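The structure appears below as structure tokens.
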Amino acid sequence: MQEIQIFNTLSRKKETFTPLNEGFVGIYVCGPTVYGDPHLGHAKSYVSFDVVVRYFRYLGYRVRYVQNITDVGHLTDDADEGEDKMAKQSRIERLEPMEIAEKYTYRYFRDMDRLHVLRPDISPRATGHIPEQIAMIKKLIDKGHAYEAGGNVYFDVTSMPDYGKLSGRTLDEAEAGARVGVSSDKRNSADFALWKRADESHIMRWDSPWGEGFPGWHVECSAMATKYLGETIDIHGGGLENKFPHHECEIAQCEGAHDAPFVRYWMHNNMVTLNGQKMGKSLGNAITLEQFFTGSHELLSREWSPGVIRFFLLQSHYRSTTDFSEKALESAESGYLNMTGILDAIQGTAGAGSGKNDSSGVSGTPFDLQKLRNGLHTCMNDDFNTAKAIGLLFEQLRPLKSVLQSGKTPSNITELRDFLEIFCGDVLGIWHPGEAGEAGSALPIDGVMQILLDLRQSARQNKDWATADRIRDRLAELGITIEDGPGGSTFKLS
RNA sequence: GGCGACAUGGCCGAGUGGCUAGGCAGAGGUCUGCAAAACCUCGUACGGCGGUUCGAAUCCGCCUGUCGCCUCCA
């Protein structure tokens, strides 16, 4: 088994990963609040953890990947003020709150599917786990970590001596830095809500020992992570901006309730920025994935495919910020097409059958697959360095292009193809051979094109350039590009 | 103000003290009826000032700048 180094945000250093249970990895990642379309920032987070999960599976671990869907209306502003986000959106769209949740859950999965993000094993909904959350709150009250005040329940942060260990904050600082005055119900300004009393206007409400209300934001993750992964889990992931207060509060709740360490390895992905500013829903500068895929945003000059977006994100490390610009996307696209071009060429050569090209001369020189494989493992084992891995793929695979073009075939091309199918397909998720052809499979386009290419070839042999160029130009008008190469002509759909 | 990151060649972006990251763009070349595409070759960069060291982009200190969190947020 490979030794994986993970940067643990709790200890702020890389640590060797050892699972709680041999051969098994339990991972929890904070999922979206479903009141709007997912944007590029969501993609960075979920693509990053997608690769983490895929790599663990590749190494032979059994992984249980849990990612919540937050469908409870949390407040838009301060913990005690502002409007319920779900209710607000439902008013805007004139839909039931649960219609909003269903709609955006559906759209979230649709966009993640397009990005080839594998679905979590469990996607628990917060509203489906109200009893679990109430049970946890009760336990915290019983153990003296929480108190009820006027239908609200708050976590008493002074009951946890190490509160703040993840974010590096102390209670003194939290109190001194508190911007909002102490809420009348709270004993301490740093205390956070576990349960909120619902006033008359609040639509999403549940019965509880403390009256009708709704759960606090942080407790859903604690309750659901515990239910599906146990009191101590291997990995907890999420966006950096959730380190405080969300993850800090999760730790307090779980460790307060269970007296056991909550998370062994905390992983936080960095932000996507736009002109140096964080891309975020509340900042109003987020470009949704749908907008990328359709090109319908004022900052976008055209559409960008999911494959390009994924490749673009994986070209930087998950702990680095990814600065978005169309120029950066454009170079990612060129690189992506270049990479898939190499992979397709390998696939094409290997798929053509080992015997076919033998007469033209198999070089016989095998590709150094071991070197590539080991190199990629080294990259990935070092805190999932996908950027370095992609660099290595370019470096090692590029010389193969000229070899293949010269008609030679490394003796182990089939093994190489098989490995790349697994590594670039199953692990990185950036190559899906065969997928592109599905759309036009109803028509025998390849056969029709071959007829045209043959006709054009005869024209060229007769030096009838007018006819040859006419075929090429007319096809170009239809979005079909003809490219003449030494081994004949090929076509591409644009 | 507190806590925490980051500053790399035209752009994006890795980087474990000494050995070319990589990609994009650009330049030259090969091929080609033309075009396009392919392929080959080419860039010695690490915010500033000190320090440690035989040697620092990489370690330490200071400075400058940018960003994140401290309120919902991937």
Side-chain angles (χ1 to χ4, degrees), chain A residues 9 12 29-33 35-36 38-49 70 74-83 85 164 167-170 172-174 176-180 190 217 237-246 248 268-273 276-283 286 311-312 315-317 319-325 327-336 338-339 341 345 378-379 382 385-395 398-399 401-406 460 463 465 468-469 472-473 476 481-487 489-490 492:
Chain A
T9 349
R12 300 193 180 94
V29 172
C30 285
T33 304
Y35 68 103
H39 56 72
L40 190 59
H42 293 94
K44 168 145 176 127
S45 187
Y46 301 125
V47 166
S48 298
F49 290 110
T70 298
H74 293 299
L75 304 179
T76 51
D77 208 326
D78 181 67
D80 290 328
E81 291 164 44
E83 195 177 4
K85 281 185 289 198
S167 55
R169 276 158 227 270
T170 66
D172 298 341
E173 287 161 4
R179 293 189 206 168
V180 187
W217 175 38
L240 198 54
E241 85 284 2
N242 278 334
K243 216 167 138 184
F244 187 89
H246 186 53
E248 197 71 72
H268 288 95
N269 65 275
N270 217 315
M271 305 289 96
V272 172
T273 57
Q277 288 277 309
K278 185 179 85 162
M279 185 180 282
K281 267 184 203 172
S282 51
L283 293 171
F311 189 81
F312 169 67
Q315 259 191 317
S316 68
H317 192 260
R319 279 191 293 112
S320 301
T321 52
T322 300
D323 191 44
F324 161 78
S325 68
K327 200 175 172 189
L329 260 192
E330 211 170 289
S331 59
E333 179 176 67
S334 299
Y336 170 69
N338 194 354
M339 173 62 70
T378 302
C379 295
D382 183 12
N385 196 333
T386 54
K388 201 172 180 184
I390 288 172
L392 191 77
L393 280 167
F394 272 110
E395 186 187 291
R398 195 188 53 229
K401 293 174 88 170
S402 54
V403 173
L404 291 178
Q405 202 181 39
S406 68
R460 291 178 73 206
K463 297 199 188 298
W465 309 126
D469 290 350
R472 185 172 64 196
D473 294 343
T481 310
I482 300 291
E483 289 166 4
D484 300 327
S489 303
T490 56
K492 266 198 312 209

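Quantities reported herein were computed from a predicted structural model and do not represent experimental measurements. Below, read A as the first sequence line, B as the second, and so on, with proteins coming before strands; counting in each chain starts at 1.
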Steps toward side chain to side chain contact (heavy atoms under 4.5 Å, CB included) verdict (A:K281, A:H39): CA-CA 8 Å; A:K281 267 184 203 172; A:H39 56 72; 4.0 Å; yes
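- A distance of about 23 Å separates the P atoms of B:rG43 and B:rG48, rounded to the whole Å.
- As rounded to the nearest Å, B:rG9 and B:rC42 have C1' atoms that lie 14 Å from one another.
- In this structure, A:Y35 atom OH and B:rA74 atom P are separated by 7 Å, rounded to whole Å.
- If you check every strand for non-hydrogen atoms under 4.0 Å, A:Y336 touches nothing.
- Rounded to whole Å, the separation between the P atoms of B:rU16 and B:rA57 comes to 14 Å.
- Here the separation of B:rU41 from B:rC46, taken at their P atoms, is 26 Å to the nearest Å.
- A:S320 places no side-chain N or O within 3.5 Å of a backbone atom of A:S316 that could act as its donor or acceptor partner.
- Going from the P atom of B:rG26 to that of B:rG10 covers 16 Å, rounded to whole Å.
- If you take atom C1' in B:rA7 and the same atom in B:rG13, they sit 13 Å apart, rounded to whole Å.
- For the P atoms, the distance linking B:rC72 with B:rU66 amounts to 27 Å, nearest Å.
- Rounded to whole Å, the distance from CG on A:D473 to C1' on B:rC34 is 11 Å.
- Note on A:I482: a base of the nucleic acid sits closer than 4.0 angstrom, heavy atoms only.
- Residue-nucleotide stacking is not present for A:Y46 and B:rA74, judged by a side-chain ring centre under 5.5 Å from the six-membered base ring centre and planes under 30° apart.
- Counting non-hydrogen atoms under 4.0 angstrom, A:Q277 reaches the backbone sugars and phosphates but no base.
- Side-chain nitrogen and oxygen atoms of A:R398 include at least one within less than 4.0 Å of the OP1 or OP2 phosphate oxygen of B:rG23.
- The nearest whole Å value for the distance from the CD atom in A:E330 to the P atom in B:rC24 is 13 Å.
- Look at A:K243 and you won't find any side-chain N or O under 4.0 angstrom from OP1 or OP2 of B:rA74.
- Among the atoms of the strands shown, base atoms are found under 4.0 Å from some heavy atom of A:N270.
- Put simply, NE2 on A:H268 is 14 Å from C1' on B:rC3, counting in whole angstrom units.
- Annotated as anti: B:rA7, whose glycosidic dihedral deviates from 0 by more than 90°.
- Note: A:Y336 and A:F311 have tilted aromatic rings, judged against thresholds of 30 and 60 degrees for the angle between ring planes.
- A salt bridge between A:D382 and A:K388 is absent, with no side-chain N of the basic residue lying under 4.0 Å from a carboxylate O of the acidic one.
- Nucleotide B:rC31 holds its C1' atom 12 Å from the CZ atom of A:R460, rounded to whole Å.
- Using a distance-only test at 3.5 Å, with no hydrogens or angles considered, a donor-acceptor pair links the side chain of A:E248 to the main chain of A:G164.
- B:rG4 atom P lies 18 Å from atom CE of A:M271, rounded to whole Å.
- A:E483 pairs by the salt bridge (charged side-chain N to carboxylate O under 4.0 Å, His left out) definition with A:K492, not counting sequence neighbours.
- Taking atom C1' on both B:rC31 and B:rA38, the two are 9 Å apart, rounded to the nearest angstrom.
- Looking at heavy-atom distances under 4.0 Å, A:V29 makes no contact with the nucleic acid at all.
- Contacts of A:G276 with the nucleic acid, taken as non-hydrogen atoms under 4.0 Å apart, involve only primed sugar atoms and P, OP1 or OP2.
- Residue-level contact check: A:R319 touches neither bases nor backbone, having no heavy atom under 4.0 Å from any strand.
- Residues A:R12 and A:K44 each lie close to RNA chain B; by heavy-atom proximity, the contact nearer the 5' end of the strand is made by A:R12.
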Nucleotides 11-14 of chain B: which of its N/O atoms have a protein N/O under 3.5 Å away?
{"residue": "B:rA14", "atom": "OP1", "partner": "A:H317", "partner atom": "N", "Å": "2.8"}
{"residue": "B:rA14", "atom": "OP1", "partner": "A:S320", "partner atom": "OG", "Å": "2.9"}
{"residue": "B:rA14", "atom": "O3'", "partner": "A:N385", "partner atom": "ND2", "Å": "3.1"}

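- Counting only Watson-Crick or G-U wobble pairs whose defining distances are both under 3.5 Å, the stems of 3 or more consecutive pairs in RNA chain B are B:1-7 with B:64-70, B:10-12 with B:22-24, B:26-29 with B:39-42, B:47-51 with B:59-63.
- A side-chain donor-acceptor contact under 3.5 Å links A:T322 and A:K44.
- Looking at A:D484, its side chain comes within 3.5 Å of the base of B:rC34 through a donor and an acceptor atom.
- At a cut-off of 3.5 angstrom, counting only N and O atoms as typed in the model, there is a donor on one side and an acceptor on the other between the side-chain of A:D469 and the base of B:rG33.
- Nucleotides of RNA chain B nearest to A:S334 and A:P399 differ in position, and the one nearer the 5' end is that of A:S334.
- Residues A:Y46 and A:P32 are in side-chain contact: their nearest non-hydrogen atoms beyond the backbone lie under 4.5 Å apart.
- Side-chain contact between A:L40 and A:F324: present, with at least one pair of heavy atoms (C-beta onward) separated by less than 4.5 Å.
- Contacts of A:E395 with the nucleic acid, taken as non-hydrogen atoms under 4.0 Å apart, involve only primed sugar atoms and P, OP1 or OP2.
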